[in-house]
Amino acid sequence: MSAQANTGTVLDRILESRRAEVDHRKRVLPETALKYGVAAALPLRDFPGALIREGLNVIAELKPASPSRGVLREPFEPVSLAHSLAGAGAAALSVLTEGEFFRGTLKNLRDARKAVEIPVLRKDFIFDPWQVWETRANDADSFLLIVAALSDALLHDLISLARDLKMEPLVEVHTAPELDRALAAGARIIGVNNRNLKTLEVHTETSFDLISRIPDDCIAVSESGIGSHAELTKLRAAGFDAFLIGTSLMLAPDPGAALAELLGTTANQS
């Protein structure tokens, strides 16, 4: 089966670009070499465990740019951002590593992870087992899989490979049928993306619509469009264990202070 689905022009363009880049990188750096890198990688941190603590567990995202908003932060300093967000109470970090559309790099991921003690998720468009080996070789503790971009067979295989490497991926869905596919593939961490990858529109109602369909033995993560402490607590009450927040933090003059406000650890908003 083809890994690519008819997912809309934005996601299709990103996937087309990533496929060309991965094809090139695989020729330069064969999987055998990556496996040596995995053997030498730093010990894994407990990503699933970080998402199920008591309270509000935020995966704070380091994202230089996005297709919907353009450049978000310049200069982009992953080490200082990682320090600031971890210090403000982030449960984990997510680091964009896609270059053309998000201006991310694997170096940003490595540098951010070295600066903190919390787990780090690789945020990218992953569709090839080679990328999973690359992820662990670069010291990431987890990575994103987007159901809309993968066939059922490939989704299952990538989850299985992740577990062979002792990682548990964040499996992202946007609709009920995608959620059904994720569960059928054995996903244990389900991310509900409130952003429609076809239109880039964001509606947090998506999370509320899908939470009742996520089994209790899965970890539920709400992603995108969360902008206030009140929204976080409402989503937590609905059953979400964790929350991925990026754009609003990257646009804030002080991302650490912005995260503390979202967590309610500064003066409450009126």
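Computed from a prediction, not measured in an experiment: that's the story for all the values here. All values below come from the heavy atoms of this structure, side chains included, with hydrogens, waters and symmetry mates left out.
- Here the CD1 atom belonging to Ile189 is positioned 8.5 Å from the CG atom belonging to Leu121, to the nearest 0.5 angstrom.
- Using modelled atom types, one finds no donor on one side chain facing an acceptor on the other under 3.5 Å when comparing Asn194 with Thr206.
- Every residue was checked against the salt bridge (charged side-chain N to carboxylate O under 4.0 Å, His left out) condition with Arg195, not counting sequence neighbours, and none meets it.
- Note: Leu96 CG to Lys123 NZ = 5.5 Å, rounded to the nearest 0.5 Å.
- Remark: Asp128 does not engage Arg19 in a salt bridge, criterion side-chain N to carboxylate O under 4.0 Å.
- Sorted by first and then second residue, the side-chain hydrogen bond (donor to acceptor under 3.5 Å, both in side chains) pairs involving residues 156-167 (not counting sequence neighbours) are Arg163-Glu168.
- The salt bridge (charged side-chain N to carboxylate O under 4.0 Å, His left out) check on Glu77 picks up nothing, with sequence neighbours excluded.
- Among Arg73, Arg69, Lys63, the one residue that satisfies the side-chain hydrogen bond (donor to acceptor under 3.5 Å, both in side chains) test with Thr247 is Lys63.
- Residues Glu223 and Leu170 have side chains in contact (heavy-atom distance under 4.5 Å, counting atoms from C-beta outward).
- Residues meeting the ring-ring contact (aromatic ring centres under 6.0 Å, His included) test with Phe102, sequence neighbours left out: Phe125.
- Taking CG of Leu44 as the start and CG of Leu42 as the end, the distance is 9.5 Å to the nearest 0.5 Å.
- Minimum heavy-atom separation, Asp46 to Pro119: O-CG, 3.5 Å.
- Using a 4.0 Å cut-off between a side-chain N of Lys or Arg and a carboxylate O of Asp or Glu, Glu134 and Arg25 qualify as a salt bridge.
- Looking at Phe76 and Arg103, their side chains never come closer than 4.5 Å, going by heavy atoms from C-beta outward.
- Screening Ile59, Leu51, Val58 against Leu244 for a side-chain contact (heavy atoms from CB on, under 4.5 Å) leaves a single residue, Ile59.
- One distance of note links CG of Leu232 with OG of Ser222; it measures 8.5 Å at 0.5 Å rounding.
- Rounding to the nearest 0.5 Å gives a distance of 8.5 Å between CD of Glu61 and CE of Met250.
- Counted by atom type alone, Asn196 and Glu201 present zero donor-acceptor pairs between their side chains at under 3.5 Å.
- Among pairs with a residue in residues 139-150, those fulfilling side-chain hydrogen bond (donor to acceptor under 3.5 Å, both in side chains) read Arg113-Asp141, at least two apart in sequence or across chains.
- For the side-chain contact (heavy atoms from CB on, under 4.5 Å) criterion with Ile159, the lone passing option out of Leu154, Leu150, Leu145 is Leu145.
- Looking only at side-chain heavy atoms (C-beta outward), Ser66 and Phe101 stay at 4.5 Å or farther from each other.
- Considering every non-hydrogen atom in both Leu259 and Leu249, the closest pair reads N-CD2, 3.6 Å.
- For Ala184, the side chain to side chain contact (heavy atoms under 4.5 Å, CB included) criterion is met by no residue, not counting sequence neighbours.
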